[in-house]
Amino acid sequence: MKSASLWGRINCKGQHHFNSNLYLDYCGNVALSSRRLGKIPEVNLGVILYRNYSSKNKSLLKQKFPKMKKGSKVVAAAGGLHQTKIGNFFKRDANGSSEAGEMESSKKKLAVSSPKKEKATNSSEADEEMESPKEKLAVSSPKKEKTNGSSEAGVKESPKKKLAVSSPKKEKATSSSEAGEMESPKKKLAVSSPKKEKTNGSSEAREMESPKKKLTGSSAKKDKKEERELQSKQSDSKDKNGKAGSSKARSSTGKKRRSESTSSDDGDNQEKAASKKSSKSNGKPEAKRQRRRIVVEDSSSEEEVASEEDFKVKSEAEDEESEEDESGEELEEEEEEEEAEDEEAVEEEIKPKRKSKAIGKKVEVKSKNTKQATTKTIPEKTGNKAPAQGSKPAVPPPKGWKPDYNPAKNKYHPIDDASWEKDQRVPYLALAKTLEAIEATSSRLKNMEILANFFRSVLILSPDDLRLSVYLCLNKLAPAYEGVELGVAETNVMKAIAQATGRSLDKIKSDAAAAGDLGIVAESSRSTQKTLFQPQPLTVQAVFNKLKEVAGMTGSASHAKKISMITSLLVACKYSEARYLARSLLGKLRIGLAEQSLLQAIAQACFLTPPEQDRSEWPPKKLDCGKKCSAETLKAKFEEEAYKVKSAFCECPNYDILVKALLEVGTDGLREKCKLTPGIPPRPMLAQPTKGVADVLERFDGIKFTCEYKYDGERAQIHLLEDGSINIYSRNQENNTSKYPDIISRFSKCIKGDVKSCILDTEAVAWDIEKEQILPFQVLSTRKRKDADEAEIKVQVCIFAFDLIYLNGESLIKKPLIERRELLREHFQAVTGEFVFATSVDTDSMEEVQEFLEESVKGNCEGLMVKTLDAKASYELAKRSQKWLKLKKDYLDSGGDSLDLVVIGGFNGRGKRTGTYGGFLLACYDPDEEVYQTICKLGTGFSDEQLLKHTESLKPHIIPNPKSYYRFNTQLTPDHWFDAVEVWEVKCADLSLSPVHTAAEGMADPQRGISLRFPRFMRLRDDKKIEDATTASQVADMYKSQEVVKNSTNNKKGIDDDDDFY
DNA sequence: ACTTTTTGCTCC
DNA sequence: GTTCCGT
DNA sequence: ACGGAACGAGCAAAAAGT
Ligand SMILES: Nc1ncnc2c1ncn2[C@@H]1O[C@H](COP(=O)(O)O)[C@@H](O)[C@H]1O
């Protein structure tokens, strides 16, 4: 626990105010960390202007730490910072969070309209024409009509009415845009006659609305301030970072945490952390702060002593240390920058060499590593070697470190072909080379072989690094339920790259857009950097630890710290290391291999080179157990081993445990060591989409199955442990325990007496207690996510249980659903509105299924889930992870909502979409206002070929600035604007009220527009003109005709629109 | 203080 | 979440 | 059929911006 969760704004004498973490020193004064102090001369320190107790009890803290308040003087730390004291305070009081944040997010900042709700209708004239460059404060007031109980599905109304006079920030761009703006849309559109039957909308109804419209039209003029976001506009907004693991971890009680992190013994760990910390906080010897050139080297050696050894999970409480690191790093950065300048020219020359792997541009490349490798649309690969060669390390690499490593080699020898030696730390470069080889190969089998080879070397030479290597290959740092989050994404990584290379942020951005991959940018920018002092080669361990450290950092200015740590890592990268490091930070390795293949690779590696064998005898006997197998038996063996590994992992998705077990007992011991255990969330069974009832019957032909409602909520895996504690996990194994105190407190009445432990598979759904009905997902999602206080819960939840996979110490995974369901109903007690069993029907009649589907929709559900009861009805994910079928209206060719929308913008594609658009901005048409209002972005449903075509056909219609009659929010400004020409048919699952889209604004909701849930491209409507696109009022009608909305507005008598609430 | 931006192995 | 693609 | 990688909306939280 760190005091980092406490931050505030300091009034700094003579300087700008700044935010910082707040600490207490041993004299009880509010102090700043040494690093912060390093930047701000002590003499400038001022007082606290504002402080934030992120989500913890305010009054208690106020009382316990009176000095931590507004107006307190901030001093330099005297005698060290008193971090643990505050930390403990937070830890103890898990509840009573009085949370300051009621603030409604009216984050809407429309580029054009400023919805203001006062009745002040007058002021606006025909702003349209005026369009003077900018602003026009226009106080438009789209007044909301209360037509129907507009308080939609119970979605909270944002109270804040913000006068909407958002001052347009004009940018230079405006001038140019003016031209476009001026053309009055009226003329152009005047003739349009929206008719064209929309598939579902009532076409003509629109006309009738004239009165209403009129009202809107005249009184609700939207002022158009073309406050356009210039790209240039501070794209460099300051860095930020989301917090990280520590806070999530904090949210669970110590007890729970312990039970979760099985593999690491916390006790030991904490001791270490504690002792380390104390030694630090006391003195923090100046000597230790000597500036360091080779940051990474230092830190890795440090970690070596204290952290990631032996599966100890690194403690997060390392603030002091990281601060020290930074002082060193900063110095280093400066040096780098200087050098970087004259380097720039060179960079530019080199860059173009890269070719991007993009649709339609296949580049035949023979992987230099894989002999006879499959060719694959390859990313590129600049001559990593050339430039790098020139800057040969000044510091000699450690023995055994070799720049080339080829895990794709045939007849790979785990010892001889490795680039490092026994008991050495695995070089990060070896991992990078492995990833590189995999990325260059498209064959999954070959990929797994490559990865397996790498793992064979790791597990025999450096077994301690196996777990870390696995994590890095998957872009993870810990099991999901431990909540370790990096808190860094694109924006911040770009900043770090800019810092590391000395190039401008804008350049990085434009490069990234062109390359479609920040990793490539990081690598190519890097490769020309020459450093005077060559950092030591990175090791897997050092990188992992650094990332974990980044994740553990929270609090004010943490993100600046994170960036600088990342910068130091990037600076130390050679060859392709930077590419993968950057991608790791972005959370996407995109090498064409992920978890499933990795598990198989582990299995192969363990078969060929058993990890559990005696390593004291060197070389070990079994290095290639596949040598004498025929290809067939080998394949069968792989399959068999993979099943063991995969099933173990599905039951116990924790690499700490899995790898440890493998190293100790090999694949055969997994069954015992990695099995289903309450407290560790197993992977959930997923479902496959089906095209219709007929499709379902066909797939389950002759097999007994059941149909259940598919509830629209979120999956909740409820664990009851032997010790009586209850944990709740999400579909992705995130720990949601603190999100559902209400479920937990009432759970006891839902179980029958003999239940001592269990794991339930359920859906948590928002529930309207009064009307006793299901509320839409959008309502559910407004619940607090962590540390929810039961007394303050506004959105109630009903649990719909549909499966039971563990009961009283016994795993039910192998039992068929019919038995599991029986046990579920037998041992649990339904409580209306709180905990019920999923509605189901066991039938094989087409008609009944069809009817049940209709019913489910009427009951505010998404459709049906169809599951086999007897045959192939176990919960064994390793056999097939998607055994269930899902049937939704929108999967049917005939069903679902579909709209004809106008394409008005395009977004550059990334990754495999580099060079084409990756997505588009779509709008519906409002004939009354004669404007196009955005309704959604669209990025799926088209084939690569269609995408290419669209990119081409829209190219001629690119315009420099949006038309004045485009209503959009600056947040979704596309890379290219288009003249409205094409109409596309788009299908969706639902329509929702949007915080950013403007479609039908004011018609279904006073301020929010409408957007589409799960939009996908269906086809080009070249038979339609843009004026024939779906109209705003049709959109509004579609929204209103949804069951969920109808059901909520219907019998809702009281509640009255909160419209004239103001 | 209040508002905006950024993030999330997102919850869907 | 949906969809498409290569194996 | 599988695994992977493109892409969607939208929320709360965290941290930065003003
Ligand atoms: N009766 C049900 N059985 C299984 N899953 C359900 C059921 N009702 C709702 N669901 C949810 O539907 C999800 C699967 O649908 P999808 O994510 O669209 O593939 C699961 O993760 C559950 O959260």
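Proteins get letters first, then strands, A, B, ... in listed order; numbering begins at 1 in each.
- Going from the C1' atom of dG1(C) to that of dG8(B) covers 15 Å, rounded to whole Å.
- Using a 4.0 Å heavy-atom distance criterion, N732(A) is classed as a sugar-phosphate-only contact.
- Within the 4.0 angstrom heavy-atom criterion, only backbone atoms of the sugar-phosphate kind lie near G918(A); the bases stay farther away.
- What you find for R715(A) and M685(A) is that their closest heavy atoms are NH1-O, 2.7 Å.
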State the dot-bracket string of DNA chain B. Criteria: Watson-Crick or G-U wobble, both atom distances under 3.5 angstrom; notation: ( ) intrastrand, [ ] crossing earlier pairs, | interstrand, . unpaired.
||||||||.|.|
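- Remark: P of dC2(D) and CE of M685(A) are 11 Å apart, rounded to the nearest angstrom.
- In this structure, Y1039(A) atom OH and dA9(D) atom C1' are separated by 14 Å, rounded to whole Å.
- Summary of the strand contacts: Q882(A) and F920(A) both lie near DNA chain D, and taking for each the nucleotide with the nearest heavy atom, the more 5' one is attributed to Q882(A).
- No engagement by K691(A) is indicated, since no non-hydrogen atom pair under 4.0 Å with the nucleic acid exists.
- Nucleotide dC5(C) holds its C1' atom 14 Å from the CD atom of Q946(A), rounded to whole Å.
- Considering only side-chain N and O atoms, S943(A) lies nowhere under 4.0 angstrom from the phosphate OP1 or OP2 of dT3(C).
- For dT10(B), neither phosphate oxygen OP1 nor OP2 lies less than 4.0 angstrom from any side-chain nitrogen or oxygen of K739(A).
- Look at S443(A) and you won't find any side-chain N or O under 4.0 angstrom from OP1 or OP2 of dG6(C).
- A gap of 16 Å separates the P atoms of dT10(B) and dT2(C), to the nearest Å.
- In terms of phosphate contacts, K786(A) brings no side-chain nitrogen or oxygen within less than 4.0 Å of OP1 or OP2 of dT10(B).
- For the OP1/OP2 pair of dC5(C) and a distance below 4.0 Å, the side-chain nitrogens and oxygens of K912(A) include no atom meeting the criterion.
- Between K739(A) and E714(A), at least one side-chain N (NZ, or NE/NH1/NH2) sits under 4.0 Å from a carboxylate O, which counts as a salt bridge.
- If you check every strand for non-hydrogen atoms under 4.0 Å, L593(A) touches sugar and phosphate atoms only.
- For K872(A), the NZ atom is loosely surrounded, since the number of other residues' heavy atoms within 6.0 Å does not exceed 12.
- Taking the C1' atom of each, dT3(C) and dT6(B) are spaced 27 Å apart, rounded to whole Å.
- One finds a salt bridge joining R683(A) and E595(A) here, because a Lys/Arg side-chain nitrogen approaches an Asp/Glu carboxylate oxygen to under 4.0 Å.
- Counting non-hydrogen atoms under 4.0 angstrom, F942(A) reaches the backbone sugars and phosphates but no base.
- Remark: the R913(A) side chain and the dC7(D) base include no donor-acceptor N/O pair separated by less than 3.5 Å.
- Between the CD1 atom of I591(A) and the C1' atom of dG6(C) there is a distance of 16 Å, rounded to whole Å.
- Between K784(A) and dA12(D), a side-chain N or O to OP1/OP2 separation shorter than 4.0 Å is absent.
- Using a cutoff of 4.0 Å between basic side-chain nitrogens and carboxylate oxygens, E439(A) and R583(A) are scored as salt-bridged.
- In this structure, R785(A) does not reach the dC11(D) phosphate: none of its side-chain N or O atoms is under 4.0 Å from OP1 or OP2.
- Residue contacts for R1013(A): at a heavy-atom cut-off of 4.0 Å it reaches the sugar-phosphate backbone alone, with no base atom in range.
- The CZ-P distance, from F777(A) to dC11(D), rounds to 9 Å in whole Å.
- With a 3.5 Å ceiling on both atom-pair distances, the Watson-Crick or G-U wobble partner of dC5(C) is dG3(D).
- Looking at heavy-atom distances under 4.0 Å, R1016(A) makes contact with sugar-phosphate atoms alone, never a base.
- The side-chain contact (heavy atoms from CB on, under 4.5 Å) with Q596(A) is formed by just one residue from the set L599(A), L593(A), L598(A); it is L599(A).
- Here dC12(B) presents its P atom at 14 Å from CG of D990(A), a figure rounded to the nearest Å.
- Among residues two or more places apart in sequence or in another chain, the side chain to side chain contact (heavy atoms under 4.5 Å, CB included) test is passed with A594(A) by none.
- The shortest side-chain heavy-atom distance between Q933(A) and V1035(A) does not fall under the 4.5 Å cut-off.
- Residues L921(A) and L972(A) come closest through the heavy atom pair CD2-O, 3.7 Å.
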Intermediate values then yes/no, side chain to side chain contact (heavy atoms under 4.5 Å, CB included), R1016(A) and D890(A)
CA-CA 11 Å; R1016(A) 57 264 203 186; D890(A) 54 300; 2.5 Å; yes
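- Partners of C861(A) according to the side chain to side chain contact (heavy atoms under 4.5 Å, CB included) rule, which considers only residues two or more places apart in sequence or in another chain, are Y709(A), Y711(A), I774(A), S856(A).
- Phosphate contact (OP1/OP2 of dT2(C), side-chain N/O of K888(A), threshold under 4.0 Å): present.
- Among the protein residues, K883(A) comes within range of no part of the nucleic acid, since none of its heavy atoms lies under 4.0 Å from any strand.
- Within 4.0 Å of L1012(A), counting heavy atoms only, lie sugar-phosphate atoms of the nucleic acid but no base atom.
- The phosphate of dC12(B) (OP1 or OP2) has no side-chain N or O of S781(A) nearer than 4.0 angstrom.
- Each of K937(A) and S597(A) has a nearest nucleotide on DNA chain D; the 5'-most of these lies closest to S597(A).
- Considering only the side chain of D712(A), dC12(B) comes nearest among dC11(D), dC12(B), dG1(C).
- Atom pair F1014(A):CZ and dT2(C):P shows a separation of 6 Å (rounding to whole Å applied).
- OP1 or OP2 of dG1(C) lies within a sub-4.0 Å distance of a side-chain N or O belonging to R731(A).
- Q778(A) has no side-chain polar atom (N or O) that falls below the 4.0 Å cut-off from OP1 or OP2 of dA9(D).
- Looking at heavy-atom distances under 4.0 Å, Y471(A) makes no contact with the nucleic acid at all.
- In terms of phosphate contacts, Y891(A) brings a side-chain nitrogen or oxygen within less than 4.0 Å of OP1 or OP2 of dT2(C).
- The distance from atom CG of N969(A) to atom C1' of dT4(B) is 12 Å, rounded to the nearest whole Å.
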